[in-house]
Novice: 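Take this structure, written in structure tokens, and hold onto it; I'll ask about it next.
Whatever order the structure lists ligands and atoms in, that order sets their numbers, starting from 1.
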Amino acid sequence: MKPMHHKEIMVMHNQQQVASRRNFIKGFLAGGLGAMTISPRDIAAALLSGKTPSDVHGWGVEPGQVKVGGNENPLGPSPRAVEAVARHLFSVNRYGGGTSDLIRAIGQYHAITLPDNDGSDRRSRVQDEMPIMVTAGSSPILHTMATESMKDGAEMIIARPGYTEPALSWTRYRDAKGLDLKIRGIRLDKNYTHDLDLIYKAINNNTSMVAITNPHNPTSTIVSHGQLKDFVDSVPPHVLILLDEAYIHFVRDPKYKDAVHIGLENENVAVARTFSKGYGMAGMRVGYGIMSPKLISRLKVHMPRFNPMGYLGVVAAEAAIGDTHHIEHSRQMVQDGEDFLAKEFEAMGFEPIPSHSNFMWVDIKRDATVFSQALRELDVSISDGKRRWSMDQHVRITIGTRDENEALIWAMQHVLS
Ligand SMILES: Cc1ncc(COP(=O)(O)O)c(C=O)c1O
């Protein structure tokens, strides 16, 4: 029998779910007194249109759980990645072939000319000339930029609210080693976008690192390529700049230019990329940084010398990066989902800001923790802006599959009523 593509399995699965929901409603209407034993939640589910959490069986989660808080890709990984893992599963008793093939595949994907591997004696020199560093998720790029820029009296600049992992690397060291490290959170502008002018003004002689997440997390906004380039050009070269492009595959504008060449051309800039989001491989832990070989050699000091990458993640990433169809499919699902959710949120009286990522930042005009917990009781998990970012009335919602989005809306309507 021909193996089923995961999308075919999904269609079959959804058809089964539609049938079971229809049966439920039929039984409910015909059930008379028997229907009295059905909970108010089930009745509301039957009367409102769309799916409910119990209808949803997402990839990688328990049936009935709607997990829209972690900005993961609900479509799962590329089938090519799954096939590569299956093919190599029985070889994990070996260390594997390292990361050089993956680095070449990444180079080809970004059209970066890499130094040739022309013989074993030059091999380690070629490695040292590579502008790509592969890591277990992109987090090690964020962390090593933070550790490399750490020194007594130094300051880091990061947006507020923002993705604070690099700052957290500093606070850990500060608490453990008693270093004097200052983190300056610079507020976003009124459109929830990085205020690059304000960030520039905050730079002083002690500033050793600036972190820019573009598209931004948690607000899903972008800065223009020109603004980013001008900003990088104006920052003094002693300041390390992290350009975190974890969500770059979801930018709405197809002509939007990424920062790869900025990373290649500036010795103080690292561009971080991940297989966790667009590629649907968060659990595989593969990411990479694009930067000058000189900066790579500075960051490598903070990494284990022996290859820390899992063999299966490496082969999966190598297979996934060529699957442009999967990325395109994921992007389309996210954009359709955003269109759907934006209308539903507006109907609820909220004003979602346009998203350039696979998540939406929504002012829900009420306590975010109470709201998130109420959704949790209905098996829907979102990200609570009050707890995570001290934004009392904001939540971050990952765009899911159509079923997940409908179930989320059902649960939100339920909570709001
Ligand atoms: C902006 C941003 N950067 C980096 C990461 C780290 O992801 P990973 O280590 O899985 O690549 C995340 C994870 O959520 C993120 O949101």
Novice: So which protein heavy atom does atom 2 (C) of ligand 1 come closest to, and at what separation?
Specialist: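 Scanning the protein heavy atoms, the shortest distance from atom 2 (C) of ligand 1 goes to D244 OD2, 3.4 Å.
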Novice: Relative to atom 14 (O) of ligand 1, which among E72, E245, K277, R273 owns the nearest non-hydrogen atom?
Specialist: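 Of the listed residues, K277 has the closest heavy atom.
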Novice: For R396 and N217, test the side chains for any donor-to-acceptor distance below 3.5 angstrom and give the result as yes or no.
Specialist: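 Note: R396 and N217 side chains meet the donor-acceptor criterion.
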Novice: Starting from atom 11 (O) of ligand 1, find the nearest protein heavy-atom neighbour and note its residue, name and distance.
Specialist: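 Nearest neighbour among protein heavy atoms for atom 11 (O) of ligand 1, to 0.1 Å: T274 OG1, 2.5 Å.
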Novice: Students should be able to answer this: which protein heavy-atom is nearest to atom 7 (O) of ligand 1, and at what distance?
Specialist: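 Heavy-atom neighbour on the protein nearest atom 7 (O) of ligand 1: S138 OG, 3.7 Å.
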Novice: Side chain or backbone of S276 under 4.0 Å from ligand 1, or both, or neither, by non-hydrogen atoms?
Specialist: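 The answer is the side chain of S276.
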Novice: Should H356 and Y256 be marked as a ring pair (Phe, Tyr, Trp, His ring centres under 6.0 Å) after you check the CA-CA gap, both sets of side-chain angles, and the distance that decides it?
Specialist: CA-CA 11 Å; H356 287 283; Y256 187 79; 7.4 Å; no
Novice: What are the atoms of ligand 1, with element, lying closer than 4.0 Å to any heavy atom of G137?
Specialist: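 Answer, ordered by atom number: 9 (O), 11 (O).
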Novice: Does E165 have a non-hydrogen atom less than 4.0 Å from ligand 1?
Specialist: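 Judged by the 4.0 Å heavy-atom criterion, E165 does not count as contacting ligand 1.
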Novice: Taking C-beta and beyond as the side chain, do Y288 and I321 meet within less than 4.5 Å on heavy atoms?
Specialist: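 They are in side-chain contact.
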Novice: At a non-hydrogen distance cut-off of under 4.0 Å, which region of S139 contacts ligand 1 (side chain, backbone, both, or neither)?
Specialist: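 S139 to ligand 1: contacts from backbone and side chain alike.
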Novice: Considering the heavy atoms of R285, write down every atom of ligand 1 situated less than 4.0 Å from one of them.
Specialist: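 Near R285, the atoms of ligand 1 are 8 (P), 9 (O), 10 (O).
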Novice: Under 3.5 Å, is there a donor on one side chain and an acceptor on the other for H216 and T221?
Specialist: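 Per modelled atom types, H216 and T221 side chains form no pair under 3.5 Å.
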Novice: For N214 and E245, run side-chain hydrogen bond (donor to acceptor under 3.5 Å, both in side chains): C-alpha distance rounded to whole Å, both residues' side-chain angles, the deciding distance at 0.1 Å, then the answer.
Specialist: CA-CA 5 Å; N214 192 48; E245 294 193 331; 5.2 Å; no
Novice: Among all protein heavy atoms in this structure, tell me which lies nearest to atom 5 (C) of ligand 1, with the distance rounded to 0.1 Å.
Specialist: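 Result for atom 5 (C) of ligand 1: Y163 OH, 3.4 Å.
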Novice: Identify, by atom number and element, the atoms of ligand 1 in contact range of T213, meaning under 4.0 Å from any of its heavy atoms.
Specialist: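 Checking each atom against T213, I get 1 (C).
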Novice: Parallel under 30°, tilted from 30 to 60°, perpendicular over 60°: which one fits the rings of F345 and F350?
Specialist: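 Tilted.
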Novice: Any idea how H329 and H325 line up, ring-wise: parallel (<30°), tilted (30 to 60°), or perpendicular (>60°)?
Specialist: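 Because their plane-to-plane angle is under 30°, the rings of H329 and H325 count as parallel.
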Novice: Quick check on Y247 - does any of its heavy atoms sit under 4.0 Å from an atom of ligand 1?
Specialist: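 Contact present.
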Novice: Please state whether the rings of H414 and W410 are parallel, tilted or perpendicular, taking 30° and 60° as the class boundaries.
Specialist: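 Rings of H414 and W410: parallel, under 30°.
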